[in-house]
Amino acid sequence: MAQQQHLYLVDGSSYIFRAYHRLPPLTDPEGTPVGAVYGYTTMLWKLADDLDKAEGPTHLAVILDKDSQSFRNEIYPEYKANRPEPPEDLRPQFPLIRDATRAFSLPCIEEQGLEADDLIASYARAAQREGWNVTIVSSDKDLMQLVGEVDGPNGPARIDMLDTMKSQRIYIPEVEEKFGVAPELVGDVLALMGDSVDNIPGIYGIGPKTASKLIAEHGSLTAALDQAPEMKTSKLKERLIEGRGDAELSRILVTLKEDCELPEPLDDFKLDGVPPEPLAAFLEKHGFTSLLRRLDAGKGSPDRPNNLNPVKQETASDKGAPEGNRQPMPEMPAVDRSAYETVQTIERLEHWVARAHASQQVAVDTETTSLDCMVCDLVGVSLALGPNDACYIPLGHGGSDMFAERPEQIEMSVALAVLKPLLENDAVVKIFQNGKYDLNVLARNGIEVSPIEDTMIISFDLDAGRSQDGIGGGHGMDELSERHLGHTCLSFKDICGTGKKQIPFAEVPLDKATEYAAEDADVTWRLFQHLKPRLAIEGGTKIYERVDRPLIPVVASMEREGIKVDRARLAKLSEEFATETARLEKEIHQLAGEEFTVGSPKQLGDILFDKLGYKGGRKGKSGQYSTDQSVLEKLSGEGADIAKLVLEWRHLAKLKSTYTDALQAQINPDTGRVHTSYSLVGAQTGRLSSTDPNLQNIPIRTAIGRQIREAFVPEAGNVLLAADYSQIELRLAAHMADVETLKEAFAAGEDIHSRTATEMFGEVTRDTRARAKTINFAILYGISRWGLAGRLEVEPDEAQAMIDTYFQRFPGIQRYIMETLETVRERGYSETLFGRKTWFPRINSKNQAERQGSERAAINAPIQGTSADIIKRAMARMMPALEDAGLGRVRMLLQVHDELVFELPEEDVEAASPIIEKVMAEAARPAVELSVPLGVEIGTGASWDAAH
DNA sequence: AAGGTCACG
DNA sequence: GACGTACGTGACCTTG
């Protein structure tokens with residue numbers, strides 16, 4: 001049987017734009033910009049390399065746009081009228097794309113009056129008719145219409161897509177995920193939503209969400225438009241009726257022309273696998289030396305100096321680039337996992353350690369039995385000294401039932417004794433990705449690693465907020481590798497499997513384990529070379545060196561300390577909560593007249609509003625009643641006893657499940673304490689976040705909840721000490737916005753909310769002070785009249801009047817807000833007093849809700865972020881200050897944004913308190929001189945509750 | 001996996 | 001004229 005043919009159609013035009021934005025602005029030896037061409041060339045190379053693979057191409061062609069005019073302009077003159085001119089340094093690269101394609105001896109198709117998309121569609125269909133498979137190399141959403149399968153002469157022939165930037169295959173499920181409908185209906189969705197880039201009108205006011213919902217519901221565009229008159233009265237209905245013409249026009253514009261005449265026959269696209277003659281000359285001419293080396297099959301040859309010249313980049317000018325990483329990048333050979341060494345003898349280990357000493361810079365990664373660094377065992381260590389120059393030292397593989405024989409390995413204690421002097425050597429920098437984890441693992445094995453660098457933290461300090469919906473925060477290694485190195489790492493799943501079939505890393509055969517583990521070190525090393533120079537160029541050095549980098553070992557040590565919790569006390573509370581919730585549940589069922597799941601907001605809503613007939617509105621997309629606290633409180637105030645009981649039930653159920661039950665389960669069997677994990681990159685503003693368990697949200701606001709704090713206790717003979725910054729964010733706002741009245745009030749030690757009440761309402765009462773407090777917070781969070789109105793239960797007009805009064809009484813605030821927004825709009829990021837950047841990619845969004853959300857976050861970020869910087873500096877200085885004073889027994893345990901919790905011998909309290917206070921109060925200095933004092937309140941006691 | 005709810009600063 | 005309206009988090013529950 002004949003081999004299944006597989007045609008790859010490369011959407012060259014769209015690729016080059018994306019490559020331009022993602023790659024550094026490199027120039028070739030003649031000074032021609034070639035960054036995008038380089039990206040394009042490597043992509044072609046990768047595809048050609050896949051020639052013999054199962055999914056690889058047998059035929060390939062590159063399709064380009066000839067010019068911007070097409071038959072669509074005849075139908076609709078405004079088509080693509082909004083397209084901005086391509087950037088200055090991209091224009092000269094277009095002809096080079098053709099050169100590059102020719103250098104590979106690949107066909108390059110373009111046709112007057114036809115867009116690349118139409119040619120691609122026509123070729124794809126033609127090939128499909130022949131029974132071929134087709135892969136469209138593009139991520140253009142318009143092309144997703146083509147994805148799918150038909151029966152060809154020799155069985156099914158499918159069309160899929162490949163996004164080489166994300167290394168993602170796009171088939172029916174991916175299209176359905178993106179559009180919520182099958183590929184055949186994508187055109188209908190596109191017609192409704194329109195496209196601002198191509199200037200396709202769509203229906204005004206309908207975006208991707210509404211569009212896919214409508215099509216999914218009605219089955220087609222025509223059906224949705226036809227049924228509009230029968231819909232219930234709404235804005236959407238009107239829009240559908242009025243926009244019918246626009247939608248029908250858009251439907252034509254987004255339809256791909258699938259019957260273009262083919263300029264060249266399909267058979268001409270056959271790949272022959274012979275390295276083309278002109279390629280070397282092309283690579284040589286443009287200084288693509290690493291590719292040239294690969295062409296020479298000189299794998300593993302030493303690095304030669306690179307011919308490509310990075311262009312100096314002004315940081316302020318790259319706001320438009322989605323990922324914006326447009327800096328010089330040393331060119332490196334592609335990752336070659338076969339180059340890694342498995343170190344199984346002491347001689348080889350000593351050899352690597354000696355080389356690491358000599359190079360003074362080594363990337364390190366540890367492999368363990370679990371993600372929890374406080375319970376895991378060490379399984380192996382990998383080192384990298386350069387690209388592909390990496391090894392894996394297995395230490396804990398095998399030994400279980402499945403592996404009767406332990407593979408040859410160096411004895412753990414022997415290997416650690418050899419590694420320890422290297423890892424503790426002041427003169428050798430150890431590079432990690434998320435080093436806090438490895439620091440804890442190694443510390444538990446008797447090694448105090450120092451000094452360290454951390455690519456995850458560097459990435460955060462450069463790019464916080466930039467990955468918009470990034471899963472995992474956007475600073476994980478796999479993501480960074482994709483983004484900066486264009487390399488896909490082996491995933492843990494690839495090695496260990498998933499679900500029930502998952503095996504522990506310790507049972508992975510050594511050859512596989514080496515590929516995975518050494519690659520991690522290799523990639524970390526490469527990322528460091530790529531990211532570290534950016535710090536200096538983009539102004540990130542200060543925050544990294546002065547705030548975040550010194551904090552890593554400090555936070556690691558806090559995690560290892562943990563905090564003692566009184567298990568018996570929690571158990572008793574759990575029991576009490578259990579009886580009480582059971583009692584409440586019965587009463588609730590009685591009032592409801594039936595049994596139902598009280599914990600189900602859906603069921604509760606139906607009971608309250610349908611069955612019992614209380615008034616309350618439906619909410620949002622799900623069409624479900626809202627039953628949150630504010631709703632229930634309102635009902636309760638109107639005499640609905642059931643609402644009051646549900647509130648009580650929820651309060652107790654929450655405390656039980658989230659705290660009294662969960663915390664008991666989190667007690668570490670070895671230490672008897674609870675060890676949280678802090679994320680240093682969790683919050684875009686620079687705050688820490690806490691997980692497993694979250695110790696930053698232990699109850700304090702209610703008396704019942706505070707009982708949980710009573711279970712956080714010191715060891716015998718010790719006390720807990722809590723030190724809080726008082727009103728730090730308002731103080732910082734007063735300083736940053738330069739508000740004289742507020743600064744004076746803080747200097748005089750006044751109650752700031754009372755002072756605000758005086759300024760705003762002329763008198764201080766319980767009510768005016770409470771209102772003033774709300775307004776003060778509203779200012780910090782980026783105010784809107786509606787938001788404030790909701791909180792204060794007044795009309796928006798009245799809220800606006802208060803905002804006006806506030807701005808008037810505290811001149812400076814309004815200016816701060818305007819100036820902050822202006823700079824964020826212009827540069828794309830906000831900055832704290834210590835230079836921490838937070839990016840706001842949606843600040844200029846055309847979607848109002850999105851834009852306004854970004855605006856509020858941008859107003860808050862410098863304040864919240866500066867506060868985070870300050871407490872981080874205090875934390876980094878705390879233990880040295882205490883040790884200098886002979887107070888080495890004091891242990892710092894927890895951080896809760898503006899609070900630090902310590903455990904110390906009772907007799908040290910007197911000496912330690914003033915030192916702790918001073919370190920915290922002085923933490924901004926000398927980098928920043930604040931015009932307000934930082935107030936610190938300290939308390940001690942036999943529990944965390946008592947320390948407040 | 002998502003949405004709702006609620007714990008904290 | 002409608003949208004949804006306070007910033008930053010994480011955990012648990014129910015439901016699809």
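No hydrogens, no waters, no symmetry mates; every other heavy atom, side chains included, goes into these values. Here the structure is a predicted model, which means the values were calculated and not measured. Quick note on labels: first sequence line is chain A, next is B, and so on, each numbered from 1.
Taking atom CZ on A:Arg856 and atom P on C:dC7, their separation rounds to 4 Å, with Å as the unit. If you take CG of A:Asp661 and P of B:dA7, they are 16 Å apart, rounded to a whole angstrom. One atom, CG of A:Leu663, and another, C1' of B:dC8, lie 13 Å apart when rounded to the nearest Å. A:Ile859 has its CD1 atom 17 Å from the P atom of C:dT5, to the nearest Å. In this structure, the CG atom of A:Leu688 is 14 Å from the C1' atom of C:dG10, given to the nearest Å. In this structure, the NZ atom of A:Lys773 is 15 Å from the C1' atom of C:dA6, given to the nearest Å. Atom-to-atom, CZ of A:Arg650 to P of B:dG4 comes out at 12 Å; the value is rounded to the nearest Å. The separation between A:Gln624 atom CD and C:dG16 atom C1' is 12 Å, rounded to whole Å.
Considering only the side chain of A:Gln864, C:dG8 comes nearest among C:dT9, B:dC6, C:dG8. Nearest nucleotide to the side chain of A:Thr658, out of C:dA11, B:dT5, C:dC7: C:dA11. Across C:dG8, C:dT14, B:dT5, the shortest atom-to-atom separation from the side chain of A:Asp628 is found for B:dT5. Closest approach to the A:Thr627 side chain among B:dA7, B:dT5, C:dT15 is made by B:dT5 (side chain taken as heavy atoms from C-beta onward). When distances run from any side-chain atom of A:Arg687 to the nucleotides C:dT14, B:dG9, C:dC12, the shortest one goes to B:dG9. For A:His897, the listed nucleotide lying nearest its side chain is C:dG8; candidates were C:dA11, C:dG8, C:dT14. Checked against B:dT5, C:dC13, C:dG16, the side chain of A:Lys602 finds its nearest nucleotide in C:dG16. Which of C:dA6, C:dT9, C:dA11 sits closest to the side chain of A:Gln684 comes down to C:dT9. Considering only the side chain of A:Thr685, C:dG8 comes nearest among C:dG4, B:dG4, C:dG8.
At a threshold of 4.0 Å, the pair A:Arg836-A:Asp461 counts as salt-bridged, since one of the basic side-chain nitrogens sits closer than that to a carboxylate oxygen.
A:His475 and A:Phe460 have perpendicular rings, their planes meeting at more than 60° on a 0 to 90° scale where under 30° would count as parallel. Classification of the A:Phe777-A:His753 ring pair by plane angle, with boundaries at 30° and 60°, yields tilted.
Rounded to the nearest 0.5 angstrom, A:Ile783 CD1 and A:Met802 CE are separated by 10.0 Å. For the atom pair A:Ile871 CD1 and A:Tyr725 OH, the distance stands at 6.0 Å (nearest 0.5 Å). Here CD of A:Glu595 is found 9.5 Å from NZ of A:Lys586. Values are rounded to the nearest 0.5 Å.
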What pattern of brackets, bars and dots sums up DNA chain C from 5' to 3', given Watson-Crick or G-U wobble pairs under 3.5 Å, [ ] for crossing pairs and | for another strand? ......|||||||||.

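You'll find the side chain of A:Ile704 stays beyond 4.5 Å of the side chain of A:Glu580, heavy atoms only.
Spacing between C:dA2 and B:dA7 at atom P, rounded to whole Å, works out to 35 Å. On the C1' atoms, B:dT5 is 23 Å away from C:dC3, given to the nearest whole Å. Taking atom P in both C:dT5 and B:dG3, the straight-line distance is 14 Å, to the nearest Å. B:dC8 sits 25 Å from C:dG4 when the C1' atoms are compared, rounded to a whole Å.
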Side chain to side chain donor-acceptor pair (under 3.5 Å) assessment of A:Ser943 paired with A:Arg569: CA-CA 12 Å; A:Ser943 75; A:Arg569 193 149 196 169; over 6 Å; no

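When heavy atoms are screened at a 4.0 angstrom cut-off, A:Gln629 is found touching the sugar-phosphate backbone but no base atom. Contact annotation for A:Ser784: base contact, defined as any heavy-atom pair under 4.0 Å involving a base atom. Using a 4.0 Å heavy-atom criterion, one finds that A:Arg239 contacts the bases of the nucleic acid, with or without backbone contacts as well. Looking at heavy-atom distances under 4.0 Å, A:Ala662 makes contact with sugar-phosphate atoms alone, never a base. Using a 4.0 Å heavy-atom cutoff across all strands shown, A:Ser679 reaches no nucleic acid atom at all. Residue contacts shown for A:Ser854 are absent, as no nucleic acid heavy atom lies under 4.0 Å away. Heavy atoms of A:Ala849 sit nowhere under 4.0 angstrom from any nucleic acid atom. Residue A:Asp692 is classed as a sugar-phosphate contact, given heavy-atom separations below 4.0 Å to backbone atoms only.
Near-neighbour residues of DNA chain B inside residues 694-709 of chain A, defined by a heavy atom below 4.0 Å, number-ordered: A:Gln696, A:Asn697, A:Ile698, A:Pro699, A:Ile700, A:Arg701. Remark: nothing in residues 721-737 of chain A comes within less than 4.0 Å of DNA chain B through any heavy atom.
The 12-atom threshold is not exceeded at CD of A:Glu795, counting heavy atoms of other residues, nucleotides or ligands nearer than 6.0 Å. The 12-atom threshold is not exceeded at CE of A:Met818, counting heavy atoms of other residues, nucleotides or ligands nearer than 6.0 Å.
Under the side chain to side chain donor-acceptor pair (under 3.5 Å) criterion, A:Thr660 pairs with A:Ser574, sequence neighbours left out. With sequence neighbours left out, A:Phe810 forms a ring pair (Phe, Tyr, Trp, His ring centres under 6.0 Å) with A:Tyr806. Under the rule for a side chain to side chain contact (heavy atoms under 4.5 Å, CB included), the partners of A:Thr823 that lie at least two apart in sequence or sit in another chain are A:Arg827.
At least one donor-acceptor pair under 3.5 Å links the side chain of A:Ser690 to the backbone N or O of A:Leu695.
For the OP1/OP2 pair of C:dT9 and a distance below 4.0 Å, the side-chain nitrogens and oxygens of A:Ser690 include no atom meeting the criterion. Distances shorter than 4.0 Å separate none of the side-chain N or O atoms of A:Gln895 from OP1 or OP2 on B:dG9.
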